Structures are given as C-alpha cells and as structure tokens.
Number of protein chains: 2
Amino acid sequence: MSLDSIDKRILEVLQNKGRMSNAELSDMANLSASACHRRVQRLEKDGYIRDYVALVDPRKVGRPTTVFVEITLSGQADEVLDAFEQAVARVPDVLECHLMAGTADYLLKVVAGDTDDFARIHRRYLATLPGVAQMQSSFALRTVRQTTAMPI
Amino acid sequence: MSLDSIDKRILEVLQNKGRMSNAELSDMANLSASACHRRVQRLEKDGYIRDYVALVDPRKVGRPTTVFVEITLSGQADEVLDAFEQAVARVPDVLECHLMAGTADYLLKVVAGDTDDFARIHRRYLATLPGVAQMQSSFALRTVRQTTAMPI
DNA sequence: AATGAAAATATGGTCTC
DNA sequence: GAGACCATATTTTCATT
C-alpha cells in the first residue's frame with residue numbers, strides 16, 4: 001500500500017524519463033531487472049503511475065500563449081456546475097479546469113496561438129459555456145517553470 | 001519544418017500513450033514500422049516531442065491539494081525578477097510559475113498535502129522568496145480536468 | 001518505403017533467502 | 001514477501017533492396 005525508498009526513487013526517475021528502459025531503471029534503483037520490473041508493474045497497477053505521455057512543445061505546435069481564465073457562475077446549484085463542467089471538458093484548448101474556493105468559481109488554463117487565436121477560442125467555446133455570469137482572462141507573458149513531476 | 005497529418009496523428013497518440021510500442025504506433029498511423037520510427041525520431045530531434053514522462057497520481061503521493069498563488073513584486077527591475085525566478089525554480093512544490101500580464105506579476109501552481117502542509121510550504125519557501133510585495137493564495141476544491149495533451 | 005536479420009529490451013517462471 | 005537468475009517473446013534498430 002505504501003512506498004519505500006526504492007519505489008520513490010523509481011517514481012522520481014520515471015517522472016523525468018518515462019521511456020527509460022527497465023534495464024537502465026533497475027541500475028538507477030540498484031535492483032535486478034526482474035525485481036525492478038515487478039515494482040513498476042505494482043506502481044502501475046496500484047495507480048501510482050497514472051499514465052505515460054509524450055510532452056509536446058507548445059511553441060512548436062502553435063500554442064505559445066497560456067491564458068488563465070477565472071469564471072464566476074450565475075448560481076451554485078449542482079445542475080449548473082455539472083452542465084458547466086461537462087461543457088468545459090469538451091473544449092480541447094482547455095488543458096486544466098479547477099473548481100476553486102474563494103472569489104471565482106472556476107479557474108481554467110487555456111493554450112492559444114496568440115491573442116487573436118484566444119479571441120477565436122473565446123467566441124467559439126468559452127462564450128458558449130452554460131451558466132457563466134462573469135469571466136476574467138489573464139495572459140501569461142512567459143512561463144518560468146513548468147513541470148509534471150510531483151515532489152516525492 | 002512543419003507537420004503533415006501523419007505527424008499530427010503520431011503526436012496525438014504519443015501524447016496519450018507515451019510508451020506505445022513502435023509496432024502499435026505504426027499501425028495507428030498506417031505506416032510501416034521503419035517509416036513510423038523515422039518520423040518519431042525526427043519529431044524528437046526537432047523538438048516537437050520534448051520529453052516522455054510518467055504521470056504520477058498526486059493523491060497517491062500525498063499531494064491532493066492544488067493551490068494557485070498570485071504574487072506581486074515590489075518592483076519591476078530585471079534584477080528583482082531574475083532573483084525571484086531563480087528562487088522559485090528551486091521550490092519542488094511549485095509545479096508551474098508564469099510571469100503574468102495585468103494585475104499580479106506571477107502566478108504559481110503549488111501542490112500540497114492539505115492546508116496545513118501548504119502553511120509549511122508557505123513558511124518554508126514562499127515567505128522567503130525575494131522581492132515579494134503581496135501574495136494571494138487560492139485553493140482548488142476539485143480538479144475537473146487536467147491534461148498535458150496539446151490540441152493538434 | 002518495405003523487408004529481414006541482429007541486437008536490445010521486456011516479460012514471466014522458478015529458485016533462494 | 002522480495003530479490004536474483006534464466007529462458008523466451010517482443011521490440012528496436014540497422015543494413016539492404
């Protein structure tokens with residue numbers, strides 16, 4: 001159920017090099033290949049490792065602009081929230097959506113090509129989201145740090 | 001330099017299954033294994049694919065709480081910004097840091113165990129960041145959507 | 001771009017501690 | 001229960017066409 005120091009080491013390594021071969025990984029963990037392999041399988045089965053993914057450079061595929069959008073809904077009823085969440089999950093340009101405590105109800109992270117492209121995304125998708133009372137967009141000028149690696 | 005529809009298909013697939021075998025990937029792309037392999041190598045070499053990583057479940061490793069922290073600096077001089085950015089990059093609990101346009105100067109995405117753990121991170125790391133004039137933290141109650149896949 | 005051969009890697013069994 | 005060693009299957013990689 002819980003992780004020993006070897007498991008943590010494996011997770012740390014795979015979080016940074018997800019395609020490392022089992023042979024090399026077993027070296028990093030000071031284990032035999034089979035022992036290492038069984039640990040990785042357990043970490044996958046138990047849900048510690050959710051997925052392996054390739055990270056694509058946003059600039060290379062025309063999405064250099066990150067915009068955070070704070071959204072206030074017109075009500076707090078479950079139906080309003082559910083409808084909003086289902087709709088927002090279908091927008092491919094929205095990478096993240098968080099239900100927030102405090103001022104705004106939701107915080108969205110959106111990737112766009114530029115400000116014009118964000119205007120397109122806004123018109124086409126965001127403006128049609130149900131139950132929205134207020135929306136405030138903040139542009140990122142530059143991303144200083146961006147990682148998917150959890151501190152272990 | 002640019003991507004045809006087959007390249008895009010390959011990126012889409014690898015963004016969701018980063019450890020897919022080249023054999024299976026070549027099926028998805030309707031290519032021979034060798035042709036597919038050369039495409040992937042080119043996408044890696046040209047920087048379209050930045051990395052392969054394992055995604056670890058934040059809940060499983062004791063980081064179920066996401067906090068967004070808006071930070072205003074005491075000045076806009078390059079030295080102030082540089083010092084801040086170098087310091088923030090060393091905090092393992094900060095997964096993202098964006099320089100923002102508009103109200104706040106920086107937006108940080110922090111992962112914590114719970115509110116008490118965030119208090120620890122705040123005391124130990126955030127409170128010691130240089131040049132900070134104001135800091136406002138917003139807790140995420142629930143993450144509705146979280147993906148690393150760029151729309152292609 | 002396809003084919004086939006060689007090398008590397010992953011996977012699963014079995015034994016031992 | 002966990003690790004090491006070994007055998008086999010799969011995959012990658014590269015030369016050739």
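What you see is a predicted model; the values in this text were computed from it and never measured. Chain letters run A, B, ... following the sequence lines, proteins first and then strands; every chain starts at 1.
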inquiry  = If the condition is side-chain contact (heavy atoms from CB on, under 4.5 Å), which residues does B:Ala23 pass it with, not counting sequence neighbours?
reply    =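 Per chain and number, B:Ala23 pairs via side-chain contact (heavy atoms from CB on, under 4.5 Å) with B:Ser21.
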task = Name all residues meeting the side-chain contact (heavy atoms from CB on, under 4.5 Å) criterion together with B:Asp46; count only those two or more places apart in sequence or in a different chain, and write none if there are none.
result = B:Arg42, B:Tyr48
Check: B:Phe84 ring centroid to B:Tyr106 ring centroid under 6.0 Å =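 Close enough - the centres of the two rings lie under 6.0 Å apart.
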key: Pair B:Phe68 + B:Phe139: ring centers closer than 6.0 Å   = no
message = Reading DNA chain D in the 5' to 3' direction, which nucleotide is the first one with an atom under 4.0 Å from a heavy atom of chain B, and which is the last?
response =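 The protein-touched segment is D:dT11 to D:dT13.
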query = Which value, rounded to the nearest 0.5 Å, describes the distance between B:Leu55 atom CG and B:Thr147 atom OG1?
reply =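 It comes to 8.5 Å.
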query = For the atom pair NZ (B:Lys8) and CG (B:Leu3), what is the distance rounded to the nearest 0.5 Å?
reply = 6.5 Å
key: Qualifying side chain to side chain donor-acceptor pair (under 3.5 Å) pairs with a residue from residues 119-136 of chain B, counting only residues at least two apart or across chains   =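 Qualifying pairs, neighbours excluded: B:Asp117-B:Arg120.
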ask   = To 10°, what angle do the rotation axes through the five end pairs on each side of the helix from C:dA1-D:dT17 to C:dC17-D:dG1 form?
value = 20°
inquiry  = Given 3.5 Å as the limit, does a donor-acceptor pair link the side chain of A:Asp4 with the main chain of A:Ile6, or not?
reply    =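 Checking the backbone N and O of A:Ile6 against the side chain of A:Asp4, a donor-acceptor pair under 3.5 Å is found.
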query = For the side chain of A:Asn16 and the backbone of A:Glu12, is there at least one donor-acceptor N/O pair under 3.5 Å apart?
reply = yes
Contacts under 3.5 Å, N or O only, protein and nucleotides 10-15 of chain C:
unit_1, atom_1, unit_2, atom_2, d
C:dA10, OP1, A:Asn22, N, 2.8
C:dA10, OP2, A:Asn22, N, 2.6
C:dA10, OP2, A:Ala23, N, 3.2
C:dT11, OP2, A:His37, NE2, 2.9
C:dG12, OP2, A:Gln41, NE2, 3.3

inquiry  = If you count every heavy atom of other residues, nucleotides or ligands that lies below 6.0 Å from B:Arg19 atom CZ, does the total exceed 12?
reply    =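 Counting neighbours around CZ of B:Arg19, more than 12 heavy atoms of other residues, nucleotides or ligands fall under 6.0 Å, so yes.
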